[in-house]
Amino acid sequence: MTSSAGSAGSARPVTSTDTLTRDALAVLQPGFTGTSAPDWLLRRLGEGLASVGLFGRNVADLAQLAALTGRLRSEREDLLVAIDEEGGDVTRLEVRGGSSFPGNHALGAVDDTALTREVARELGRRLAECGVNLNWAPSADVNSDPANPVIGVRSFGADPHLVARHTAAYVEGLQSTGVAACTKHFPGHGDTAVDSHHDLPRIAADLDTLRGRELVPFRAAVAAGTRAVMSAHILLPALDADRPATLSPAALHGLLRAPVAEGGLGFDGLIVTDGMEMQAVSATYGLERGSVLALAAGADALCVGGGLADEDTVLRLRDALVRAVHEGELPESRLADAAARVRALARWTRSAGAGKGAEPAPGIGLTAARRALRLTADGPYEPLTAPAYVAAFTPLANIAVGDDTPWGVAAELARLLPGTETTTCTAESAAAAGSAALIGGLLTAAGDRRVVAVVRDVHRHPWMADALRTLLDARPDTAVVEMGVPQAPPRGAPHLATHGAARVCGRAAAEILTGLRRPSSGG
């Protein structure tokens, strides 16, 4: 049944309820649990759902993932299958073992756009082989705040122009395989001291700073043809004093969509939200209300499923959007436009022939990880020749990285030097024992073996910095491996910066530590 037309803002939709329902389902990018498709998800695909988001919990191995995406497409061929595969610290394809690719910060440290393009192309080829055609990557955030708790090594660096050229190269490499890039987190999450998974970050930068810093990589991504952009749940009073970017017409329509001649970025692709269940939005607006506001502001696809991954969530959001149209809160033309953009991107991935013609580049990840390493030492580095004792100073992982993915150098050192042992030090163990007692026990266990201290963003964790100082005072020959964002290295001790904690970075570091490869010097 079709209702009569109404004026703008009217509570009388002109489209049938069935069409509204299909459009409401089309704009959702939900997740699910398990490594096989649940019946409810397959049913909703037949009813109009056009996207599915995959997470680490959905991936056992690449063959299983390919079978899963094949089953999903047996219900809907023109389906967007999205995943958060940045490489480096944030991996879903290799969530159980660690990534075969270094992340953005390592690529930025090398600063070879041809290498970044090749890494992204190989990553896209692997995604396409598994049936994934939308990657929630790359991160185009400028890591201007070294204390940022959620971006860090996910950024190419702190220089906007470096980030811009590598963002563009990544987009080009990934999309050359027919996998759509989703450049994030617009308008830039790098100057935040709060993780939007937990609370609403606020960036006090003025509009000139925003245009000269945060927006530079996004302009480059749009120019490179990125097919999608992900919005951030961050408040920028210079743009909108009341609503975070995901819910702000000023940010999405007035800045991202607006023509370049009018001061905007002129983006005409798919706008995807960051996870709508994140506390930065859901704690203030609620899931349903936040989703309606995001669509009304200009978002096209609602990412939900990282924490809420069930049929009830899909139905709640579907019904909330349909109800918002009926009640005049969401123009039906805006919902129809958003749904059309989702379907258009799915068509693009089919016409681009995801994965076709992309030649494998075996070993490119290890090559990039090796080139990113920087060794700082006061004198010649003495390689390890006997089993070592690894002290892994382990911070709490942020939600984007997750705590299921292993990191460090211990496994690779044990492979190269059998008998190598490891211990884990945490904020809790340091607080319970105190640094002196913690390090004293560590050195007793190490005996006469060389100690390798593995840290991750030591500059952000006072307990870690204090424990490391205590260790270096007692054992100056300790080798320090920084697998986060490197800051000023400790004086005296050999310091190896990997610019990320991917498995491949650990392998490259172990090669240097054991003398299998000669290091590149860095200051």
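Of all heavy-atom pairs between L45 and L79, the closest is CD2-CD1, 3.6 Å. Considering all non-hydrogen atoms of both residues, P217 and V142 come closest at CG-CG2, 3.7 Å. Between A369 and V504 the shortest heavy-atom distance is CB-O, 3.7 Å. Nearest heavy-atom pair across P244 and Y285 is CD-OH, 3.7 Å. Closest non-hydrogen pair, A37 versus L72, comes out as CB-CD2, 3.8 Å. Nearest heavy-atom pair, N58 versus G34, reported as atom, atom and distance to 0.1 Å: ND2-O, 2.8 Å.
The closest donor-acceptor contact from the side chain of R257 to the backbone of F267 lies under 3.5 Å. Judged purely by atom type and a 3.5 angstrom limit, S282 uses its side chain to pair as donor or acceptor with the backbone of M278. At distances below 3.5 Å, not a single donor-acceptor pair connects side-chain atoms of D404 with backbone N or O atoms of R96. Remark: the backbone N or O of A232 is paired with a side-chain donor or acceptor of T246 at under 3.5 angstrom. Formation of a donor-acceptor pair under 3.5 Å by the H233 side chain with backbone atoms of G275 is found in this model. The backbone N or O of Y170 sits nowhere less than 3.5 Å from a side-chain atom of T116 that would complete a donor-acceptor pair. In this structure a side-chain-to-backbone donor-acceptor pair under 3.5 Å is missing from T284 to V281. In this structure a side-chain-to-backbone donor-acceptor pair under 3.5 Å is missing from R343 to A338. Counting only distance, with no hydrogens or angles, the side chain of R117 and the backbone of V171 share no donor-acceptor pair below 3.5 Å. Distance alone, capped at 3.5 Å, is enough to place a donor-acceptor pair between the T91 side chain and the E94 backbone.
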- Evaluate the criterion side chain to side chain contact (heavy atoms under 4.5 Å, CB included) for residue pair F32 and F55; output intermediate values, then yes/no. CA-CA 8 Å; F32 60 95; F55 297 84; over 6 Å; no

- Message: Before you tell me yes or no, could you show the steps for D78 and R350 under side chain to side chain contact (heavy atoms under 4.5 Å, CB included), namely the whole-Å CA-CA distance, both residues' side-chain angles and the distance that decides it to 0.1 Å?
- Response: CA-CA 7 Å; D78 59 334; R350 291 183 67 191; 4.0 Å; yes

- Message: Could you go through R22 and T19, starting from their C-alpha distance and side-chain angles, then the distance that decides it, and tell me whether this counts as side chain to side chain contact (heavy atoms under 4.5 Å, CB included)?
- Response: CA-CA 5 Å; R22 295 188 71 84; T19 299; 5.7 Å; no

- Query: When you look at S144 and E214, which way does the side chain to side chain contact (heavy atoms under 4.5 Å, CB included) test go after all the steps?
  - Reply: CA-CA 9 Å; S144 50; E214 274 76 14; 4.1 Å; yes

- Task: Check the pair D337 / R341 against salt bridge (charged side-chain N to carboxylate O under 4.0 Å, His left out), numbers first and verdict last.
- Result: CA-CA 6 Å; D337 174 63; R341 290 179 184 274; 3.2 Å; yes

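We find that K184 and D141 are not joined by a salt bridge, their nearest charged nitrogen and carboxylate oxygen being 4.0 Å or further apart. Ion pair R456/D89 flagged as a salt bridge, since at least one NZ, NE, NH1 or NH2 atom sits closer than 4.0 Å to an Asp/Glu carboxylate oxygen. Salt-bridge check for D159 with R213: failed, with every basic side-chain N at 4.0 Å or more from each acidic carboxylate O. The residues R211 and D208 are annotated as not salt-bridged, no charged nitrogen and carboxylate oxygen being separated by less than 4.0 angstrom. Salt bridge annotation for R323-E288: absent, with no cationic side-chain nitrogen under 4.0 angstrom from a carboxylate oxygen. Between R121 and E118 there is no salt bridge, since none of the side-chain N atoms of the basic residue sits less than 4.0 Å from a carboxylate O of the acidic one. The pair R289-E329 meets the salt-bridge criterion, since a charged nitrogen lies less than 4.0 angstrom from a carboxylate oxygen. The residues R43 and E47 are annotated as not salt-bridged, no charged nitrogen and carboxylate oxygen being separated by less than 4.0 angstrom. Between R334 and D23 there is no salt bridge, since none of the side-chain N atoms of the basic residue sits less than 4.0 Å from a carboxylate O of the acidic one.
Residue N135 holds its CG atom at 10.0 Å from CD of Q175, rounded to the nearest 0.5 Å. Rounded to the nearest 0.5 angstrom, I271 CD1 and C182 SG are separated by 10.0 Å. To the nearest 0.5 Å, atoms CG (L65) and OG1 (T35) are separated by 10.5 Å. Separation of atoms CD1 (I364) and CG (L115) is listed at 5.0 Å; rounding is to 0.5 Å. For the atom pair CG of L25 and CG of L317, the computed distance is 10.0 Å after rounding to the nearest 0.5 Å. The NE2 atom of H166 lies 6.0 Å from the OG1 atom of T113; values are rounded to the nearest 0.5 Å.
A donor-acceptor contact closer than 3.5 angstrom links the side chains of S74 and R71. In this structure, a donor-acceptor pair under 3.5 Å is present between the side chains of T209 and D206. Side-chain atoms of T426 and T394 include no donor-acceptor pair closer than 3.5 Å. Q29 and W136 share a donor-acceptor pair across their side chains, judged by distance under 3.5 Å alone. Donor-acceptor pairing under 3.5 Å is lacking for the side chains of S155 and N143.
Using a 4.5 Å cut-off on side-chain heavy atoms (C-beta onward), L123 and E85 make contact. Contact annotation: the side chain of P395 approaches that of M464 to within less than 4.5 Å [non-hydrogen atoms, C-beta and beyond]. Using a 4.5 Å cut-off on side-chain heavy atoms (C-beta onward), L270 and R227 make no contact. No side-chain heavy atom of I234 sits under 4.5 Å from any side-chain heavy atom of L200. Using a 4.5 Å heavy-atom cutoff, the side chains of V272 and S231 are not in contact. At a threshold of 4.5 Å between non-hydrogen side-chain atoms, the residues R73 and L68 do not count as touching. Between D300 and V27, every side-chain heavy-atom pair lies at or beyond the 4.5 Å cut-off. The shortest distance between side-chain heavy atoms of V163 and V216 does not fall below 4.5 Å.
For NE2 of H253, the number of neighbouring non-hydrogen atoms (other residues, nucleotides, ligands) closer than 6.0 Å is 12 at most. No more than 12 heavy atoms of other residues, nucleotides or ligands sit less than 6.0 Å from atom CG of L396. Taking a 6.0 Å sphere around CG of D312, one finds it holds more than 12 heavy atoms contributed by other residues, nucleotides or ligands.
Relative to the ring axis of W407, R503 does not place its NZ or CZ within 45° and under 6.0 Å from the centre.
The aromatic rings of H185 and H189 sit perpendicular to each other, their planes meeting at more than 60°, with 30° as the lower class boundary. Using bins of under 30°, 30° to 60° and over 60° for the plane-to-plane angle, the ring pair H499/H105 lands in the parallel bin.
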